Amino acid sequence: MKHPDIDIDVRGQVAVVRLNRPAKRNALSDGLILGLKYAFENLPEPVRAAVIDGAGEHFCAGLDLSELQERDAGQGMHHSRMWHTALERIQYGPVPVIAALHGAVVGGGLELASACHIRVADDTTFYALPEGSRGIFVGGGGSVRIPRLIGTARMTDMMMTGRVYDAAEGERVGFAQYLVPHGTAFDKALALAERVAQNAPLTNYALMHALPRIAEQPADQGFFTESLISSIAQAAPEAKERVRAFLEGRADKVKKA
Ligand code: 1HE
């Protein structure tokens, strides 16, 4: 169901999904997690990319600790699996998702950001996994996704020692792909989403659904899967038209950065 603390604003082909619980630093209650799942399962039809951000001074303070009750092992398992299902709707959903980060990106907030396809951080951003000091463990997919961004050794260090990465370090180690000045992460993320929305849908589909799976496959299987998905993408009429446009001088060249 739509959640009152999640705002959705459709701007052309881009859906802006905003966590709007700034008084609690956008802490993720069970309701908010289910609201995110609902939002990404029900993006309106013209949408071809999405931006996710957080209202107020922080992107997200992680799990709503006020809801952390005495759960038995079975309940804990179901709670964690509920997060997995919701964040999977983002990673393997219908459209690429760009996270616009600022302030705290911690605990479950970092797990949420890690499920997105591109992360843009402003220079107020900081990253931490306070689970280590709260006597718990990541449960929202962090142990799978975060080592793939920064490596197992860095994640182990963050959780064991409470290490906090600032915005510049976070970009250097691989949390964010873009580092921008204070207050501009949203604008940059929106501009990127508008650009991504122009791609052929099958290319975006391959990048979201095939690439991460190929990266997990043994090389021989990866090469084979790559051949399958590249043949499917290039067979689409849109791909043929885009290549023709370049050959006829109607499409942009690659320009030096
Ligand atoms: C919260 C939460 C929260 C703030 N759950 N209520 N996450 C953490 O361990 C991070 C905990 N939060 C913080 O370290 C800080 O709040 C922040 C660095 C994010 C922001 O600091 P600040 O000074 O701007 O805000 P604040 O004064 O600490 O918090 C403002 C209010 O938000 C306050 O409530 P109030 O009623 O006293 O005003 C805080 O209690 C509330 N608040 N963070 C609940 N997380 C799938 S498993 C994932 C496991 C995890 O994510 S564990 C890590 C949880």
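This is a predicted model, so every value here is computed, not measured. Order of listing sets the numbers, starting from 1, for every ligand and every atom in it.
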Indicate whether the side chain of Asn20 and that of Asp7 have a donor and an acceptor atom separated by less than 3.5 Å.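 A donor-acceptor contact under 3.5 Å links the two side chains.
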
Taking atom types as modelled, is there a side-chain donor on Thr161 or Asp157 under 3.5 Å from an acceptor on the other?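 On atom types as modelled, these side chains qualify, holding a pair under 3.5 Å.
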
Does ligand 1 have any N/O atom under 3.5 Å from a protein N/O, and what are those pairs and their distances?
from: ligand 1; atom 1: 5 (N); to: Leu63; atom 2: O; distance (Å): 3.4
from: ligand 1; atom 1: 5 (N); to: Leu65; atom 2: N; distance (Å): 2.8
from: ligand 1; atom 1: 7 (N); to: Ala61; atom 2: O; distance (Å): 2.8
from: ligand 1; atom 1: 9 (O); to: Arg134; atom 2: NE; distance (Å): 2.6
from: ligand 1; atom 1: 9 (O); to: Arg134; atom 2: NH2; distance (Å): 2.8
from: ligand 1; atom 1: 24 (O); to: Arg25; atom 2: NE; distance (Å): 2.9
from: ligand 1; atom 1: 24 (O); to: Arg25; atom 2: NH2; distance (Å): 3.3
from: ligand 1; atom 1: 24 (O); to: His58; atom 2: NE2; distance (Å): 3.0
from: ligand 1; atom 1: 25 (O); to: Arg25; atom 2: NE; distance (Å): 3.0
from: ligand 1; atom 1: 25 (O); to: Arg25; atom 2: NH2; distance (Å): 3.2
from: ligand 1; atom 1: 32 (O); to: Ala23; atom 2: O; distance (Å): 3.3
from: ligand 1; atom 1: 34 (O); to: Lys24; atom 2: NZ; distance (Å): 3.3
from: ligand 1; atom 1: 36 (O); to: Lys24; atom 2: NZ; distance (Å): 2.6
from: ligand 1; atom 1: 45 (N); to: Ala61; atom 2: O; distance (Å): 3.2
from: ligand 1; atom 1: 45 (N); to: Leu63; atom 2: O; distance (Å): 2.9
from: ligand 1; atom 1: 51 (O); to: Leu63; atom 2: N; distance (Å): 2.8
from: ligand 1; atom 1: 51 (O); to: Gly108; atom 2: N; distance (Å): 2.7

Would you compute the distance between atom CG of Leu112 and atom CD of Gln91 and round it to the nearest 0.5 angstrom?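 If I round to the nearest 0.5 Å, the distance is 12.0 Å.
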
Taking the six-membered ring of Tyr92 as reference, does the NZ or CZ atom of Arg213 fall below 6.0 Å from its centre and within a 45° cone about the axis?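 The answer is yes; both the distance and angle limits are met.
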
Taking side-chain hydrogen bond (donor to acceptor under 3.5 Å, both in side chains) as the definition, give me every residue that meets it alongside Glu131, ordered by chain and number, with sequence neighbours left out.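 Glu131 satisfies side-chain hydrogen bond (donor to acceptor under 3.5 Å, both in side chains) with no residue once adjacent residues are dropped.
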
Charged N-O contact under 4.0 Å between Arg250 and Glu241: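 Salt bridge between Arg250 and Glu241, a charged N being under 4.0 Å from a carboxylate O: yes.
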
